[in-house]
Amino acid sequence: MNWLYVTMPIAGVEVFWPGLVILGFGVGIIGGFFGMGGGWMVTPGLNILGFPMAFAIGTDIAHMAGKSLTSTVRHGKFGNVDYKLGIIMVAGTVGGFEVGAQMIMALERIGRVEACVRYGYLVLLSLIAWLVFTDIAKKRRKDREAVAAGRTVGALSTGIEWHRTFHRINIPPIIHFKRAGIRCSAWLPIAVGFMTGWLAGVLGIGGGLIRMPALIYVVGCPTHVAVGTDLFEVAISGLYGTASYTYKGRTELLAALIMLVGAAVGAQIGSVATKYVKGYGIRMFFGFAVVGCAVSIIFKLIAAASTGFRAAFDLAATILILGLVAALALYILIKFVRGVREELALKRNRLHQSPDREEKLV
């Protein structure tokens with residue numbers, strides 16, 4: 001079974017290459033659907049497959065940049081990308097990313113990068129999961145109260161509305177973002193960009209894990225615009241991050257290329273699938289994905305701390321992260337297929353009805 005393993009020339013480790021393909025294709029679908037590069041799954045996934053954490057971070061950023069470019073093009077065709085907002089956020093992202101990357105190099109020199117990044121992931125994933133499910137629960141409570149009071153529940157009803165508070169910040173320049181339908185201080189998206197850029201440099205993610213929720217809850221973007229704009233910003237920051245980590249010798253381009261083969265196809269499917277799932281449906285499944293990823297990291301931490309059960313927990317972490325990617329990708333793929341079928345059926349019905357209408361007019 002040696003043919004199932006390939007030696008990475010830069011990292012010097014043997015890796016199960018089918019695992020790279022599963023990660024690439026699955027995270028391509030998931031990333032295109034949730035509006036993220038998917039690094040919140042790929043970095044721990046690569047680490048679980050055998051990459052040292054610094055190489056997992058650099059390799060994921062390279063893979064993420066190429067895949068996000070593909071997804072951005074597709075979302076742009078749907079009108080889901082606010083390019084002005086994305087470009088302004090880059091100003092903060094680049095500075096934040098370099099600060100985070102330098103922190104990783106310092107932690108690697110003292111031998112603390114593995115533990116710090118894993119615990120950092122665990123804290124961040126827990127906070128994001130709490131935010132998403134609190135938002136969903138609050139929205140449902142508001143909807144129930146509206147129904148009980150005899151009011152109509154609007155299609156754009158929301159749960160958490162932090163963005164209303166942040167929009168009161170009137171530090172010039174104040175900019176109107178037409179596609180997102182919001183008007184706020186330019187410093188708000190710049191601050192969000194800096195924080196997510198720092199997370200990208202420290203945790204090896206495109207920042208989408210927190211940028212997509214931040215665009216919704218802090219900046220106030222509709223979910224679908226947040227998805228497309230986030231992917232656009234991830235693509236730009238990812239290209240910069242790839243160059244930075246490659247210069248530092250921590251990017252395994254062979255692994256990134258293997259993952260991109262499947263990711264290019266998966267990203268297209270995930271992007272189109274957002275047409276067929278409502279905004280809060282996207283948020284709910286995003287929350288489930290975050291919880292599953294956090295559990296896999298807990299397994300890895302237990303494995304590192306124990307001796308007798310290390311192999312068992314390592315295997316459990318690998319199965320969970322690959323199984324999570326496969327399950328979510330399958331669900332999104334099913335939604336994609338059903339949506340396309342319904343859309344084609346609707347078009348056929350319209351074509352059949354058109355001649356009948358013409359005959360009645362005659």
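- Within the 4.5 Å cutoff, side-chain heavy atoms of L188 are placed close to those of V218.
- The backbone N or O of V219 lies less than 3.5 Å from a partner atom in the side chain of H167, making a donor-acceptor pair.
- Atom-to-atom distance recorded for T59:OG1 and L20:CG is 9.5 Å, nearest 0.5 angstrom.
- With contacts defined as side-chain heavy-atom distances shorter than 4.5 Å, the pair V227/N80 does not qualify.
- When the side chains of ILVMFWY residues are joined at heavy-atom separations under 4.5 Å, either directly or via intervening members, W187 and L215 end up in a single hydrophobic cluster.
- Summarising the geometry of C221 relative to I182, their closest heavy-atom pair is SG-CD1, 4.3 Å, with the distance given to 0.1 Å.
- Atoms CG and CZ, on L346 and R350 in that order, are 4.0 Å from each other to the nearest 0.5 Å.
- Contact of the M8 side chain with the F55 side chain is not registered, since no non-hydrogen atoms from C-beta on lie closer than 4.5 Å.
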Item to check | Steps toward side chain to side chain contact (heavy atoms under 4.5 Å, CB included) verdict (V6, L254) | outcome: CA-CA 10 Å; V6 60; L254 176 59; 4.2 Å; yes
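- The side chain to side chain contact (heavy atoms under 4.5 Å, CB included) test with R179 singles out one residue from D82, V81, T229, L85, and that residue is D82.
- In this pair, Y5 and F16 present their aromatic rings tilted. The plane angle is within the 30 to 60° band.
- To the nearest 0.5 angstrom, M89 atom CE is 7.0 Å from D230 atom CG.
- Residue F51 comes nearest to A255 through the heavy atom pair CZ-CB, 3.6 Å, listed as atom of the first residue, atom of the second, then distance.
- Considering CG of N349 and NZ of K347, their distance stands at 12.5 Å, rounded to 0.5 Å.
- Counting all heavy atoms, side chain and backbone alike, F177 lies closest to P189 at CZ-CG, 4.3 Å.
- Residues F133 and Y217 fall within the same hydrophobic cluster, defined by Ile, Leu, Val, Met, Phe, Trp and Tyr side chains chained together at heavy-atom separations under 4.5 Å.
- Side chains of W17 and V21 form a contact here, defined as non-hydrogen atoms less than 4.5 Å apart.
- Note on V225 and F232: separate hydrophobic clusters, where clusters join Ile, Leu, Val, Met, Phe, Trp and Tyr whose side-chain heavy atoms are under 4.5 Å apart, directly or indirectly.
- When all heavy atoms are compared, the tightest approach of I175 to A186 is CD1-CB, 3.7 Å.
- A chain of hydrophobic side-chain contacts below 4.5 Å, direct or via other Ile, Leu, Val, Met, Phe, Trp or Tyr residues, connects I29 to I258.
- Residues A62 and A256 share a closest heavy-atom pair of CB-CB, 4.1 Å.
- For V123, the side chain to side chain contact (heavy atoms under 4.5 Å, CB included) partners are L127, not counting sequence neighbours.
- Atom-to-atom distance recorded for I190:CD1 and M195:CE is 14.5 Å, nearest 0.5 angstrom.
- Within the 4.5 Å cutoff, the side chain of S185 has no heavy atoms near those of the F166 side chain.
- In this structure, G76 and Y83 approach most closely via the heavy-atom pair CA-OH, 3.7 Å.
- C184 SG to N170 CG: the interatomic distance, rounded to the nearest 0.5 Å, is 10.5 Å.
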Next on the checklist: Working note: E252 + V13, criterion side chain to side chain contact (heavy atoms under 4.5 Å, CB included); need CA distance, chi angles, decisive distance, verdict.
Outcome noted: CA-CA 10 Å; E252 189 59 76; V13 295; over 6 Å; no
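- W130 and V295 fall within a single hydrophobic cluster, where Ile, Leu, Val, Met, Phe, Trp and Tyr side chains are chained together by heavy-atom contacts under 4.5 Å.
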